[in-house]
Each structure stands twice: as structure tokens, then as C-alpha cells.
2 protein chains.
Amino acid sequence: MRQSEKHDDLRDDAACATDDAGPDAPSRSLSAADRVRDAILAGVLTPGSRINEVHLSRDLGMSRTPIRAALHTLAAEGLIDYERNRGFIVREFALQAVLDAYEIRASLEGVACRLAAERGLTAEQKQRIETALRDGDRALDVDRIGPAELAAYGMVNVTIHGMLLAAAQNRMLSEAIRMTINMPGVNTRNIVPASPRIMRRRHDDHHRLYDLVRSGEAVRAELLMREHVISVKSGLLANTEQRETDP
Amino acid sequence: MRQSEKHDDLRDDAACATDDAGPDAPSRSLSAADRVRDAILAGVLTPGSRINEVHLSRDLGMSRTPIRAALHTLAAEGLIDYERNRGFIVREFALQAVLDAYEIRASLEGVACRLAAERGLTAEQKQRIETALRDGDRALDVDRIGPAELAAYGMVNVTIHGMLLAAAQNRMLSEAIRMTINMPGVNTRNIVPASPRIMRRRHDDHHRLYDLVRSGEAVRAELLMREHVISVKSGLLANTEQRETDP
DNA sequence: CACAACATTAGTGTATACAATTGCCCTTGA
DNA sequence: TCAAGGGCAATTGTATACACTAATGTTGTG
């Protein structure tokens, strides 16, 4: 079958999954969920294609039982669709859906930021944010922003947004935001390419957000965070349009 | 065992699950997910208690396999927690979490309303909303709002919010909003008790929301919907405080 | 040649068996 | 009396077998 070839990319990593077996090793179904999720986000499993449980179980070196559990989890997360007696299908996300996801995320992170401002930051959160802010300053204060600086700034970005989200102290909020990030095409880690000027402006937002949250200016913090995230959407949109007319 | 007694309430319905077996019958795991979800939302399965797969499978008249699939789904939905080798635990929601859920929902429904205003309503959606608006007018235009009127208004409420959400044409948004509603203590169906004056004001919001969406005033629609949902939170909060000091 | 009915096969849905882990109770010793 | 340890029961994790559904190919007929 040619469908099994689609899963070939997973097989290599499969070997290393069976060897560890440490006491804290995640259960197979959890590891399977992570593996399949990564495969979808990385584009290895192409949207619209059906997921064959037998092949997948062979490739991941486990039986169908944990596989099915993982697939049900991913279905509830919205990454794959389930049809009775037809199994699971990798969900397709239109560009419009991706753009909408930024709207949703902007709104949610805005709320998170407001709650964070109302509830305050722990000493550790403050410290980690301040460190991240300095790291960001350093990464962006160079003539040429190379891959190393980009990677560093990516971590800075994750840390700051993560700390503000943690300060909101609400799990549902975290999960909803994760939904908006866990979709093909959206990825905090892979920073959308942007000019140094825009990146510095975004990082300036981080400074201002921190100041607003720390001083408890909840409404302003919410609005700025919304704008901050939406600007990424605009950048993505411009980038996409450019890419379409480019080649 | 005393744990099995906890599931007794499920057993009665279990009988009718096995008899139908129509061609369009949902798979066991789906029906199990629905059943357990309802049980949690209805408070039959108490927060904090562990879910015993064997007992549950007996009570629902199916094997553990579809049960486990259903539980994984519910875990991804956030209704229950999963701990490796310890199984599933009904999640507890503090009052603060419930209140936060309203904030999240307000924000999300606001976005939905904005998108609906931008994207427009279909003829059918318009018609169904207009019908619902009239039904609501009729239900509230009485001297004494009794259980029948309350139930009728509940359906009106669901229809209007549902149509506006559908008009937003975004699945992730729908799913995220469902998350905020599918939690114990929050329930669109069970309208929070409110005075006739407040109910009429809320329904007036519905009229204004429809007008704004229909005329494409996206920003105003978003803001009004936010306020509309938040007001329910305030009502709930006042109600809870009153109930605590009452008896 | 087109098409429909059937046979075949691939694939999902569920049940059951067994392995592994956890939690509990009882014993034993200080 | 209490703490530590060990064994047993309960419960979860995974594998496998089988039933059932859907898809596919094949063959016979108009």
C-alpha cells in the first residue's frame, strides 16, 4: 500500500521510543499523541489524508489500542476529524481559519493579560520575564539578526507570553490558547519572518506589556496584548500575499 | 463496592442504549462520551472522584475499550483529568474558574459576533433569528414569567447565540465556546434565575445585537456581545453571594 | 461498452485476556 | 503503639482476536 509510505517519516523516531522504558516514561498513548501531533504540525501527515491505525501502530511500534486513545485525544483537540466507521482524517485548515485563529488568540491572550494584571505576578515570574526581556534586548541589539538571534528571540517570546498566561491562573484559558497555536501554519516557535524594525517594535510591546501588567493597568494591558497578537496576523497575511505574488 | 453506587444513576439509561442498534446509532464510544459528559454536567459524577472504568463499563453495558476512548476524549475536552496509571478523575471547578469561563466566553462570543457582522447572515439565519426574537418577545411579554416562559426563552437564547456563532463560520471558535459552556455550573440551557426586568433587558440586547450584525457594525456588535455575556456573569455572581448569605 | 450485483479485501469497532502498576491491609519488629 | 515492609487485591495499560462496516475489484448481463 502506498499509504504506509506516508508514515515512513515516523518510523525512524519509532525505534527510540521503545528503547528508553524509564520509570517516568509517558504511557504509550500519550507518547503516541505527541508523536502524531508533531507529525501533523510538521506537515508529515498531510491534511485531508486518512490515518491508518494499523500502519500507524506498526510505525510507532505499539498496538492499536494506545493509538486509538491518542487519536481520540487529538480529535478532541481539533487536529483530526473522526467519522464513524471511517476512522480519523487529518483536518485541513484554510488560510482564513488560520487568520481567524489569530483573532481568537489575540482575544484570549488579551483576557489572560488583563487577568494577569488583576492578579499580579509572582516574584519568580517577574524575574523570569525581566531576564527574558534583557535576553530579547540583547538578541535584537545587533546589526544583523541571524538564525541564532532569531532562535533566542523565539525563546524569549515563548517565555514572556507563557509567564503572562501563567499569571492569569486559569487552565481553560491556557488550553484554549494552546488550541489556537496547535494548528498547522501557526507556530510560536517558528517566528514569522519579519524585518528587524518590526521585531524590535514587537519586543518593545513586551516591555510595555510587562510594565502595564506589573502596575495593574488591566484594561490597557488587555488592549495592548490584543493589538500585539493581531499585528502578527497582519504580518503573516502580508507575508503570505507577498509569497503568492513573488515566484 | 461503594464506588459502583455512584454510577447507579447511569444504569437505568444503560438499558435503552443496547436495544436501539439502528443503522445510524452512534458508536459506543461516542454514546459513552455523551453519557459521561451529561453525568458530569448534571453532577451525578461528583468532582474530584475517580472514575472506575470497570464499573462504568458495567453500568453502561459495554466493554472498557469504548469507555476508555470516551474518557480520553473528555479529558481532552477538559472535563476530566488523566493521571498515568491512576486513571481519570472528575475535574473540580472552583467558583473563580467558572467566573473566568464567563470572561473567556464573553471575549470569544464577542469575536464571533464581530466576524458574523463582517461575514453576514444567510437568509435562513436571519429568518430563524427573527422568529426567535419574536418568540422571546412573546415569552417575556406576560405578567408572570413561569417555567414555560423560562423554557421557551431558554430555547430562544440558544437559537440566537447559535445562529450568530454559525454566522462567524469558524469551527475553532465554536469548539472553544463549547468548552466554556460545558462545565459544571455553567449552562446555557439552565437560564440563571433573573428578574423579569433583567430578562427583558437581556432580550433587548438580542434585538440590538441582531440589528448591529445585520447592518455590519462589527465593532459595536463585538462590544455589545461582550457586555451581554459579562452581565450574565455578574448576575450569577450576585446570585451566588445572595444564596450564600440567604439560608 | 456501460453498469449493476456480488465477492473480496482492507480497515475500523469492540470484547476479552493478560501484564503491569498502584493502593491497601496485614504482619512483623522495634 | 507505630513504622516499615511485604503480599494481595483492585485497577489501569496494552495486546490480540474477532465482528462488522466500508471500499474496491471483478464478473456477468443488458
Side-chain angles (χ1 to χ4, degrees), chain A residues 1-7 10 14 17-36 45 48-76 80-91, chain B residues 1-7 14 17-36 45 48-76 80-90:
Chain A
M1 291 277 103
R2 58 221 61 79
Q3 173 130 21
S4 78
E5 297 173 11
K6 285 184 181 175
H7 300 295
L10 293 174
T18 50
D19 57 49
D20 57 342
D24 292 338
S27 70
R28 291 189 194 286
S29 75
L30 287 185
S31 113
D34 292 342
R35 200 78 65 76
V36 175
L45 294 177
S49 66
R50 282 179 61 176
I51 294 178
N52 186 310
E53 298 175 3
V54 177
H55 299 155
L56 190 58
S57 65
R58 241 210 319 272
D59 295 347
L60 294 184
M62 61 186 76
S63 83
R64 283 177 54 217
T65 309
I67 295 285
R68 283 180 62 81
L71 293 179
H72 273 103
T73 297
L74 293 178
I80 59 182
D81 283 327
Y82 170 76
E83 283 180 54
R84 173 181 162 76
N85 285 328
R86 296 200 57 229
F88 297 89
I89 298 172
V90 182
R91 195 165 146 191
Chain B
M1 294 280 104
R2 57 222 59 82
Q3 173 130 22
S4 79
E5 296 173 12
K6 285 185 181 174
H7 299 297
T18 52
D19 56 49
D20 56 342
D24 293 337
S27 70
R28 292 190 194 287
S29 75
L30 287 185
S31 112
D34 293 342
R35 199 78 64 77
V36 175
L45 294 177
S49 66
R50 281 179 61 175
I51 294 179
N52 186 308
E53 297 174 3
V54 176
H55 299 155
L56 189 58
S57 66
R58 240 208 322 269
D59 295 346
L60 294 184
M62 62 186 76
S63 84
R64 281 177 55 216
T65 310
I67 295 285
R68 283 179 64 80
L71 293 178
H72 273 103
T73 297
L74 293 178
I80 59 182
D81 283 328
Y82 171 75
E83 283 180 55
R84 173 180 161 77
N85 286 329
R86 296 201 57 228
F88 298 89
I89 298 172
V90 182

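In what follows, every chain begins at residue 1, and chains take the letters A, B, ... in the order their sequences are listed.
Distances were taken from every side-chain heavy atom of B:T65 (C-beta onward) to each of C:dA15, C:dA17, D:dA15; the shortest belongs to C:dA15. Checking D:dT16, D:dG13, C:dT14 against the side-chain heavy atoms of B:P66 singles out C:dT14 as nearest.
Between B:L56 and B:N52, the closest side-chain pair of non-hydrogen atoms is not below 4.5 Å.
The distance between atom NE2 of A:H55 and atom C1' of C:dT12, rounded to the nearest whole Å, is 13 Å. Atom pair A:M62:CE and C:dA20:P shows a separation of 16 Å (rounding to whole Å applied). For B:E53 and C:dT21, the CD to P distance is 16 Å, given to the nearest whole Å. Rounded to a whole Å, the CG atom of B:D81 is 15 Å from the P atom of D:dT12. As a whole-Å value, the separation of A:R58 CZ from C:dT12 P is 12 Å. B:E83 places its CD atom 9 Å from the P atom of C:dG23, with the value rounded to the nearest Å. For the pair B:I67 CD1 and C:dT14 C1', the interatomic distance rounds to 11 Å; values are reported in whole Å. For the pair A:L60 CG and D:dA15 C1', the computed distance is 15 Å after rounding to whole Å.
For B:R68, a side-chain nitrogen or oxygen approaches OP1 or OP2 of D:dG13 to under 4.0 Å.
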Q.
Pair B:E53, B:S57 - check side chain to side chain contact (heavy atoms under 4.5 Å, CB included), show working.
A. CA-CA 6 Å; B:E53 297 174 3; B:S57 66; over 6 Å; no
Q. Passes side chain to side chain contact (heavy atoms under 4.5 Å, CB included), B:L60 versus B:V36? Steps please.
A. CA-CA 9 Å; B:L60 294 184; B:V36 175; 4.3 Å; yes
Return the polar atom pairs (N/O with N/O) between nucleotides 20-24 of chain D and the protein under 3.5 Å, or none.
| from | atom 1 | to | atom 2 | distance (Å) |
| --- | --- | --- | --- | --- |
| D:dT21 | O3' | A:N85 | ND2 | 3.2 |
| D:dA23 | OP1 | A:R86 | NE | 2.8 |

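Mapped onto DNA chain D by nearest heavy atom, A:R64 and B:F88 fall at different nucleotides, with B:F88 at the one closer to the 5' end.
In this structure, B:R86 contributes its side chain and B:R50 its backbone to no donor-acceptor pair below 3.5 Å.
Heavy atoms only, all atoms of each residue included: B:A70 and B:A33 are closest at CB-N, 3.4 Å.
Comparing the helix axis at one end of the helix from C:dC1-D:dG30 to C:dA30-D:dT1 with that at the other, each defined from 5 consecutive pairs, gives an inter-axis angle of 10° (nearest 10°).
Between atom CZ of residue A:F88 and atom CD1 of residue A:I80 there is a gap of 5.5 Å, rounded to the nearest 0.5 Å. Separating the CG atom in B:D81 from the CD1 atom in B:I51 is a distance of 10.0 Å, to the nearest 0.5 Å. In this structure, CD1 in B:I89 is found 13.0 Å from CG in B:L45, a value given to the nearest 0.5 Å.
Ring pair A:Y82/A:H72 is tilted by interplanar angle, where 30° to 60° counts as tilted.
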